[in-house]
Amino acid sequence: MIPRAWTGRLLLIAVAAVATLHPSGIQGAPGTKRIAFLVDSWYPRSHADVIGTRFLEGYRVGDRRYASMVTVASVYAEAPRPSDQTRALSSRFGFRVAASVAEALLEDPRAARPRLAVDGILVATRADPPPNGQDASPSPRLQLMREVFRILDQADARVPIFIDKMLATNQADAQAIVAGAAQRSIPLMAGSVLPFMPLDRPMRAGTAVVGVVVGAGPYWAYAFHAAELLQGYMEQRGPRETGVASIRGVSGDAASLSEGEQWGGSLLPALLSSAKTRGSGGGRRESPVFLQISYLDGARGLLALLPRAFDEAEFLLGAKFQDGGTSIGGVMLKGEPFDHFGYLVHALQEFYTTGRPPVPVERTLLTTGIVLLGQEARLRGTSLATPGLAIRYPAPRWRP
């Protein structure tokens, strides 16, 4: 289910397959791209850990292991936790521990004409929106990216940047980040691991009129991943995505929603029946979340989060087509050592080595807006027009 034909993929795989993995990584290997890693804290099981360690040690895609052609050159941890392991990893792998963003990116921040010390940047700082769904602007993410852009301007340099998960916690800030990169011709990519993972059950190709995604965790932890999985499939309706016209927050349950044919009819109950896991049923109860997403071209999407209906590691995806046919799939996130992140790291190998993102950043600009404005619609319990989500971009090719 890799979302497009990857340019240069055969060469990338061939080189990675024959590369030798060393216990200390491949930081000094000829041709290795070096990235600055900007994190909140690199602690066990954090996204910094499950992504960054794969750049240092290599990674798996399915049953196959690859050496990384990208390594970590420097790390700036803005808010280290007591369990932060940045310095321990630095002693093992030899990357620099920076005291600032400038120190992470530049050879000498005090130089009159500073030179960039890295070939790329990866941002994996936390981005936790407030309960109302939008941070005040400028959000911490926008402030960080403004600093990154300022340093790149100072060094007269342009390198690929990947932002883990949502672009920002404010939609206007997300748009400002994308615009800032575009103005500077900086390759920018962002998003979730889910659209890069193969489905457990392949989905039918074709033009879906309704798409449904179901997760089983709390909103801020899982809504973005669900939105990315849904959008990665729904953008295949045509050669170009045209964006979202409105989002409605709906109360109720799966049974009541299944009565509406325009939102998939029996598709939602069928998806729930197809789940491979079952929820525990215990602990604190959270209310179900339903977002009805109306696309500008008339297609519809339903994003449902049903806490504890099944295991939080499972996501369900379904579609209904013009001929009345349906298709059901799903994907299961793996437990430790979280090898599913190898699919994302494999995509990032291409991004950092070629400077071309395998998926357009506009997809994540759209999914960021769906999640942020979806929370607003959910709190209002009504339909919210979303003119700012009329986001157009060429659809990368879907491989079910």
Side-chain angles (χ1 to χ4, degrees), residues 3 40 46-48 50-51 122-135 139-142 145 162-175 177-178 188-197 211-235 241 243-244 247 249 286 288-293 301-307 312-317 330-331 333 338 340-341 343-344 347-348 357 359-379 384 386 388-389 391 393:
D40 60 302
S46 65
H47 269 227
V50 297
I51 296 173
L122 197 155
V123 177
T125 54
R126 291 188 67 86
D128 297 323
N132 66 0
Q134 300 261 357
D135 248 336
S139 62
R141 176 61 56 74
L142 178 58
M145 292 306 298
F162 174 74
I163 298 175
D164 182 43
K165 297 190 287 188
M166 288 202 306
L167 281 160
T169 51
N170 176 292
Q171 184 63 10
D173 289 6
Q175 292 170 333
I177 290 169
V178 172
L188 181 64
M189 177 179 164
S192 165
V193 64
L194 260 70
F196 296 96
M197 294 179 63
V212 178
V213 65
V214 190
Y219 191 83
W220 287 127
Y222 291 89
F224 175 72
H225 297 294
E228 284 264 295
L229 181 59
L230 176 65
Q231 184 58 29
Y233 185 79
M234 290 299 291
E235 67 193 14
E241 175 59 68
V244 169
I247 302 174
E286 296 191 31
V289 175
F290 299 99
L291 299 181
Q292 292 178 341
I293 303 162
L302 178 66
L303 189 158
L305 292 175
L306 309 176
E312 290 182 355
E314 186 171 10
F315 288 81
L316 308 173
L317 179 65
V331 63
L333 303 180
F338 308 109
H340 56 277
F341 277 95
Y343 292 97
L344 175 60
L348 292 177
V359 296
V361 72
E362 286 81 6
R363 172 200 284 175
T364 305
L365 181 59
L366 181 56
T367 55
T368 296
I370 288 172
V371 172
L372 293 174
L373 297 175
Q375 173 72 338
E376 186 176 338
R378 172 194 175 197
L379 294 175
L384 185 68
T386 56
L389 298 188
I391 298 169
Y393 62 89

Next item on the list: Identify the residue among Thr169, Asp173, Thr125 that makes a side chain to side chain donor-acceptor pair (under 3.5 Å) with Arg141.
Entry: Thr125
Notebook entry, point to check: Can you check whether Val331 reaches His340 side chain to side chain, under 4.5 Å on heavy atoms?
Noted result: no
Item checked: Considering all heavy atoms, the nearest Asp135-Pro130 contact -> OD1-CD, 3.5 Å
Check: For Val50, what residues pass the side chain to side chain contact (heavy atoms under 4.5 Å, CB included) criterion, not counting sequence neighbours?
Finding: Arg54, Phe338, Phe341
Notebook entry, point to check: Where do Leu291 and Gly249 come nearest, in terms of heavy atoms and distance?
Noted result: CD2-CA, 4.2 Å
Checklist line | Flag side-chain contact, heavy atom, 4.5 Å: Ile177 against Val361 | finding: no
Margin query: I want to check something: taking the side chain as every heavy atom from C-beta on, are Leu333 and Leu194 in contact at a cut-off of under 4.5 Å?
Written below: yes
Notebook entry, point to check: Are side-chain heavy atoms of Met145 and Val123 found at a separation under 4.5 Å?
Noted result: yes
Item checked: Any side-chain heavy-atom pair of Glu241 and Pro360 under 4.5 Å -> no
Notebook entry, point to check: Which pair of non-hydrogen atoms, one from Ala190 and one from Leu167, has the smallest distance, and what is that distance?
Noted result: CB-CD2, 3.7 Å
Notebook entry, point to check: Can you check whether Leu373 reaches Val244 side chain to side chain, under 4.5 Å on heavy atoms?
Noted result: no
Using a 3.5 Å cut-off and no angle test, enumerate the donor-acceptor pairs between side-chain atoms of residues 212-227 and protein atoms at least two apart in sequence or in another chain.
| unit_1 | atom_1 | unit_2 | atom_2 | d |
| --- | --- | --- | --- | --- |
| Tyr219 | OH | Val371 | O | 2.7 |
| Tyr219 | OH | Gln375 | N | 3.3 |
| Tyr222 | OH | Glu312 | OE1 | 2.9 |
| His225 | ND1 | Ser192 | OG | 2.7 |

Check: With Asp40, which residues qualify under side chain to side chain donor-acceptor pair (under 3.5 Å), at least two apart?
Finding: none
Notebook entry, point to check: At what distance, to the nearest 0.5 angstrom, does CD of Glu235 lie from CG of Leu230?
Noted result: 10.0 Å
Next item on the list: Measure the CE-CG distance between Met166 and Leu365 for me, rounded to the nearest 0.5 Å.
Entry: 12.0 Å
Checklist line | Backbone N/O of Pro195 and side chain of Glu228: donor-acceptor pair under 3.5 Å | finding: no
Next item on the list: Quick one: closest heavy-atom pair of Glu314 and Leu316, and the distance?
Entry: OE2-CD2, 3.5 Å
Margin query: Which heavy atom of Gly374 sits nearest to which heavy atom of Ile247, and what is that distance?
Written below: CA-CG2, 3.9 Å
Notebook entry, point to check: Do the side chains of Ile293 and Ile370 get nearer than 4.5 Å, heavy atoms only?
Noted result: yes
Checklist line | Heavy-atom pair of closest approach, residues Pro307 and Pro288 | finding: CD-CA, 4.2 Å
Check: Can you list the steps and then say if Met197 with Leu344 is a side-chain contact (heavy atoms from CB on, under 4.5 Å)?
Finding: CA-CA 8 Å; Met197 294 179 63; Leu344 175 60; over 6 Å; no
Next item on the list: Indicate yes or no: at least one non-hydrogen side-chain atom of Leu348 is less than 4.5 angstrom from one of Met189.
Entry: yes
Notebook entry, point to check: Can you tell me how far the CG atom of Leu384 sits from the CG atom of Leu389, to the nearest 0.5 Å?
Noted result: 9.0 Å
Notebook entry, point to check: Is it true that a side-chain atom of Gln175 and a backbone atom of Asn170 form a donor plus acceptor pair closer than 3.5 Å?
Noted result: no
